[in-house]
Structures are given as C-alpha cells and as structure tokens.
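Presented below is the structure to which this report refers.
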Amino acid sequence: MLKYEERIRRLNHHPLRGGARYVLYWARFNRRVTFHHGLLVAAELANQLDLPLLYYERLSASAPYANDRLHTFVLEGVPETARRLQQLGVGYVFDLVCDGSGPGDTLERLAAQAAALLTDDYPDAVAARHDARVPTHLSLPVWAVDSSCIVPMSLIGERQYAAYSIRPKLRRWLAKYLKPLPSVRVRRRYSAPPDPRHVPVSASKIPCLVRSCVADHMVRPSLTFRGGAAEAERRLRRFLTHNLRRYARFRNQPATRATSDLSPYLHFGQLSALEAAWEAKSHAEQEGLIAEEFLEELIVRRELAFNFCRFAARVDSLEELPAWARVTLERHAADRRPFVYRYEQFRDAETHDELWNATQKELLLTGKIHGYYRMYWGKKIIEWSASYQEALETMITLHERFALDGRDPNTYANILWCFGLHDRPWRERPVLGTLRYISREGMQRKTDVGAYLRQIAGLERTGRLPEPVE
DNA sequence: ATCGGCTCGCGCAA
DNA sequence: TGCGCGAAGCCGAT
C-alpha cells in the first residue's frame with residue numbers, strides 16, 4: 001500500500017518491470033520538485049524497489065499554440081528544477097522538441113528501462129488522449145497521480161457540482177489534506193552519464209533556444225512574469241507579507257494590484273496550490289489575519305473548476321452549460337448586437353471601449369488579465385460578437401495564445417462562467433438573455449477605471465506595472 | 001446609501 | 001413538498 005493511494009489512478013495493470021534501471025516520473029503539468037504528491041509516490045516506489053528516480057520533462061513545439069511566451073516561461077523554470085533535482089539525487093532529462101513534428105520518442109526510450117512510469121492526473125483533453133494510448137503500448141505500469149488538487153479529485157464524487165455543494169465537501173476534507181508535504185528522499189542517487197536527449201538550460205541561453213523552435217514568434221514573452229519555482233515562491237512570499245491583509249477589501253480593485261498573480265505558476269505547476277494554501281493559512285494564523293477570501297479562490301473555486309473539467313465532455317463548448325443558460329441563449333441568438341467585432345479586432349484591442357481595450361492590452365503584454373476585469377472582458381465579447389459560438393472561440397483562442405494560464409481548468413470555467421456556468425439567471429435583457437449582465441457604468445462606479453487606464457498606458461510605455469500601493 | 005426583485009435548480013429538512 | 005440560497009450585478013424605489 002502506497003502513501004497517497006487515493007490520488008493514484010492506474011492506467012494499466014502491467015506488473016513492475018524487472019531488471020529496470022530506475023522509476024520514471026514524467027512531469028506533464030506539475031513542473032516542480034516540492035509539494036508534489038506524484039513525485040513522492042514515484043520516490044516511494046523507487047525506494048521500495050531499491051532503484052533511483054528519473055524525472056522527465058518535455059517542452060514540445062507541437063503543443064497547441066506553441067509560442068515564445070509559453071516556451072520562455074517553461075524554460076525559465078528549468079535551471080531551478082535541475083538544481084533542486086541534483087541536490088536530491090534525482091536524475092533529470094529535459095527534452096526540447098523544436099521542430100513541431102511531434103513529441104519524439106524520448107519517453108518511449110526512457111520507459112524501456114523503467115520499472116514503472118508515473119505522471120500527472122489532470123483534466124485536460126491532450127492528457128486524456130495520452131492516457132488512453134500510452135499505457136497500452138508501453139509494457140510497464142503507468143500510473144497517473146493527482147498532484148494538482150489539495151483534496152484528491154477522486155474523493156469529491158463522480159459528477160459535476162455547484163460551488164455551494166462542493167464547498168462543504170472540500171471543507172470537510174481540508175482538515176486532513178491542508179498539510180505540508182515532506183520533501184523527496186531517495187535511497188539510491190541517480191548516477192548515469194547525461195542522456196543524449198537532455199538539453200541543459202541556463203538563463204542566458206533561453207532566448208536562443210526559444211528562437212530555434214518552430215513556434216509562433218509573434219507572441220512575445222511576458223513583460224511582467226518570469227517563470228520558475230523560485231520566482232513563484234518569491235511572489236507568494238511578497239503577496240503574504242504585503243497583500244494578504246488587503247486582499248478581502250481590494251481584490252476587486254484592479255489598480256491596487258492586491259491579488260497574488262500566482263495563476264501562471266499554478267497553471268504550469270511551478271507552484272503547488274497546496275503549498276500556497278498552507279503558507280497562506282500559516283501566515284494568517286501567525287499574523288492574526290483572515291485568509292478566508294484568498295483560500296476560497298485558491299481552493300474552492302479552483303477545485304470546482306477541476307471538478308467541472310473532469311466531467312465535461314469538452315470544455316470548449318456551450319453544450320456543457322446548464323439548461324437555463326442554453327435555453328436563454330437560444331431565445332436571444334438572433335438579437336441585434338450593439339457592436340460586432342471579429343477575432344482580429346478583439347485581438348488587436350480595437351473596440352470603441354477604452355476600458356475593454358486596456359484589459360486586452362494587459363493580456364497581450366503580460367499574459368494575464370486581472371480577474372475582476374476579466375469578467376467584464378468576457379461579457380463584452382459575448383455582447384459584441386456575431387454569435388455566442390464565435391464569442392466563445394474568441395475568448396478561448398485569445399487565452400490559449402496569449403495567457404500564461406490559458407489552458408488551465410480555471411480559465412475554461414471562468415470563460416464559461418460568462419455564459420452562465422456556476423451562476424444563476426438574472427433579469428432578462430437583449431443578447432445576454434438572463435445571463436448576468438456587467439456594465440461599463442458598474443465598473444466605473446465600483447472600481448478606479450482611470451487609475452487602471454493610466455497603469456496600462458504606463459505598461460505600454462515602460463513595460464512595467466506598479467508594485468502594490470495602499 | 002440601502003434594499004428588494006429579478007429567476008432557476010439544487011440540497012436538505014420535513 | 002417547501003424553503004433557502006447561490007462568484008463578482010443591475011435597476012428602481014425609498
């Protein structure tokens with residue numbers, strides 16, 4: 001019986017391969033070394049078998065929307081991962097597939113000498129295709145481990161829930177699961193000559209490596225987010241020290257910069273949600289602060305999104321909406337739109353509305369939109385697109401191309417929230433039907449739009465956003 | 001400034 | 001079967 005058994009999904013039932021050289025861990029979504037259930041399970045298995053542990057990570061130009069922004073962010077995490085694995089005695093193969101022809105055969109080659117292959121359990125369509133294919137043609141055990149959610153997805157129940165239903169379930173389990181994890185310990189150090197496919201990465205080589213990939217070079221690296229676990233931990237620390245006390249009051253005031261800005265790191269798994277939540281809870285207890293609102297977003301809303309994506313046939317379809325939302329959209333499909341823009345006009349921030357344009361510029365330049373204005377951004381795309389389907393496609397494409405958290409369960413759930421997911425009906429009106437309406441006047445009334453516009457103008461001019469201000 | 005209604009479906013108590 | 005209530009709102013009445 002292994003530790004964290006409730007997080008393990010066995011994708012096949014092959015016996016452990018004898019005469020193997022190591023246990024192999026493939027970091028697909030959780031690209032980190034600490035607070036990592038999957039890596040701990042792999043290490044435990046390796047220790048039981050008296051084998052070393054090998055950590056495999058891949059960055060492929062054949063991934064959807066491969067571009068300089070996403071590649072740079074992932075590559076910036078690699079030197080720190082290498083350093084940490086080296087210290088622990090765990091082997092590391094970082095595989096950069098530059099030509100976009102496909103994922104290559106490195107995984108198969110490494111798996112041929114492994115006792116077992118472990119990877120991340122993650123509600124993603126690309127991962128699901130791998131999960132269906134890989135375990136049958138590799139003759140070794142393949143296990144997927146849930147290292148993303150604080151409360152294991154498998155304990156929540158085999159269906160989609162609403163926030164108010166999932167919240168008490170999560171709360172009940174948190175006493176058990178909101179606890180720090182040990183660091184990885186291996187009995188046998190990995191010592192083999194470097195694999196021929198391993199690409200050593202240092203910070204200075206990243207621009208050159210990025211250029212060498214067949215990818216969309218027009219999407220420039222983020223001006224404000226640098227990738228990596230060390231950077232993520234630095235931002236978490238800074239958030240806890242300066243912003244946790246302001247979070248409840250100012251999180252919906254974009255210009256105050258009171259949010260954690262951790263979503264890119266959470267998305268690539270460079271930071272563990274468990275670590276962030278545990279540190280927030282501990283810090284709040286020490287300092288006499290309230291972390292409730294932050295933990296609600298980090299745990300309840302995030303794991304609600306994972307629950308949605310886990311049971312959605314597809315996350316990019318209006319078919320997944322609740323019945324009342326589908327019905328109201330059907331009724332209003334032919335309503336006259338006040339403005340109609342195409343994808344390119346949205347992409348280039350060329351609408352009549354300077355606030356909307358500013359939110360889009362934040363996405364283009366930083367790779368993220370402030371959560372509160374992102375709702376406004378999404379609702380207006382619905383109102384200003386020729387059809388609901390086109391609006392959905394615009395929102396998803398803009399995120400997948402430009403956002404550092406683009407393919408995250410949270411992002412899909414947030415986009416579909418604009419179409420009524422996890423929400424309820426409101427007063428009926430044109431185009432949106434009974435979907436919740438968000439107005440420019442409301443944004444003006446409740447937030448400091450002028451300050452935000454000045455910040456985005458400053459971002460365009462200097463490439464920087466201000467640090468948090470009181 | 002504050003408050004209720006809008007409008008639907010789910011979970012739970014009865 | 002009925003009741004309460006829900007991710008971030010809006011609007012009109014007081």
Side-chain angles (χ1 to χ4, degrees), chain A residues 156-172 243 246-261 263 273 290-309 311 315 318 320-332 335 338 353 355-356 359 362 368-383 395 405 408-449 452:
Chain A
I156 291 302
E158 300 301 306
R159 48 162 287 202
Q160 286 179 359
Y161 290 97
Y164 63 91
S165 320
I166 210 172
R167 187 175 295 112
K169 291 176 197 298
L170 291 168
R171 288 259 154 93
R172 272 200 292 282
N243 281 339
R246 309 165 63 224
Y247 187 79
R249 200 160 148 225
F250 292 114
R251 74 194 144 137
N252 289 345
Q253 278 292 343
T256 64
R257 301 279 146 203
T259 53
S260 67
D261 278 346
S263 63
I290 308 289
E292 285 311 306
E293 291 83 359
F294 180 64
L295 293 178
E296 165 76 12
E297 300 214 6
L298 180 61
I299 303 174
V300 177
R301 308 307 316 187
R302 180 169 180 273
E303 302 202 358
L304 177 67
F306 274 77
N307 169 260
F308 167 72
C309 290
F311 296 108
V315 292
L318 299 173
E320 293 297 327
L321 294 176
W324 68 265
R326 289 200 312 269
V327 168
T328 199
L329 292 181
E330 227 161 88
R331 287 240 294 264
H332 289 270
D335 289 3
D353 176 357
L355 173 57
W356 193 92
T359 62
E362 184 180 3
K368 184 174 176 294
I369 308 179
H370 189 285
Y372 194 65
Y373 281 161
R374 181 160 73 167
M375 296 187 296
Y376 178 73
W377 177 91
K379 289 287 185 182
K380 294 304 154 189
I381 292 179
I382 300 177
E383 288 182 68
M395 289 161 75
D405 56 4
D408 199 86
N410 251 326
T411 293
Y412 293 113
N414 276 273
I415 288 173
L416 287 170
W417 177 86
C418 297
F419 291 90
L421 178 70
H422 298 150
D423 204 5
R424 65 180 143 153
W426 302 85
R427 174 184 295 174
E428 193 159 17
R429 59 171 63 236
V431 188
L432 288 179
T434 56
L435 300 185
R436 184 190 300 254
Y437 175 68
I438 298 184
S439 71
R440 170 68 197 262
E441 292 69 32
M443 293 294 104
Q444 203 89 35
R445 193 170 60 244
K446 291 191 286 196
T447 70
D448 192 341
V449 169
Y452 178 76

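The structure presented is a predicted model; accordingly, all values stated were derived computationally and were not measured. Labels below follow one simple rule: chain letters A, B, ... track the order of the sequence lines, proteins then strands, and each chain is numbered from 1.
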Apply ring-ring contact (aromatic ring centres under 6.0 Å, His included) to Y376(A) and list each qualifying residue two or more places apart in sequence or on a separate chain. none
Between dA7(C) and dA1(B), how far is it from one P atom to the other, in whole Å? 28 Å
How would you label the contact of R159(A) with the nucleic acid (heavy atoms, under 4.0 Å): base, sugar-phosphate, or nothing? sugar-phosphate
Between dG9(C) and dC10(B), how far apart are the two P atoms, rounded to whole Å? 24 Å
Within the pair R429(A) and dG9(C), is there a side-chain N or O less than 4.0 Å away from OP1 or OP2? no
Those residues that, when tested against F294(A), pass ring-ring contact (aromatic ring centres under 6.0 Å, His included) (two or more places apart): F239(A), Y247(A)
Side-chain N or O of Y161(A) closer than 4.0 Å to phosphate OP1/OP2 of dG9(B): no
I415(A), N414(A), L304(A), L321(A) screened by side chain to side chain contact (heavy atoms under 4.5 Å, CB included) with L421(A), the one that passes: L321(A)
How long is the line joining NZ of K379(A) and P of dC10(C), in whole Å? 10 Å
Between atom CG in D423(A) and atom P in dG6(C), what is the gap in whole Å? 12 Å
Is the phosphate of dC10(C), meaning OP1 or OP2, less than 4.0 Å from a side-chain N or O of S439(A)? yes
Under 4.0 angstrom, heavy atoms only, what part of the nucleic acid is Y164(A) near: base, sugar-phosphate, or nothing? base
Distance check needed: dG9(C) P versus H422(A) NE2, whole Å only. 18 Å
Spacing of W324(A) atom CH2 relative to dC5(C) atom C1', expressed in whole Å: 15 Å
Enumerate, in order of first residue number, the stems that involve DNA chain C, defined as 3 or more consecutive Watson-Crick or G-U wobble pairs with both distances under 3.5 Å. B:1-6 with C:9-14, B:8-13 with C:1-6
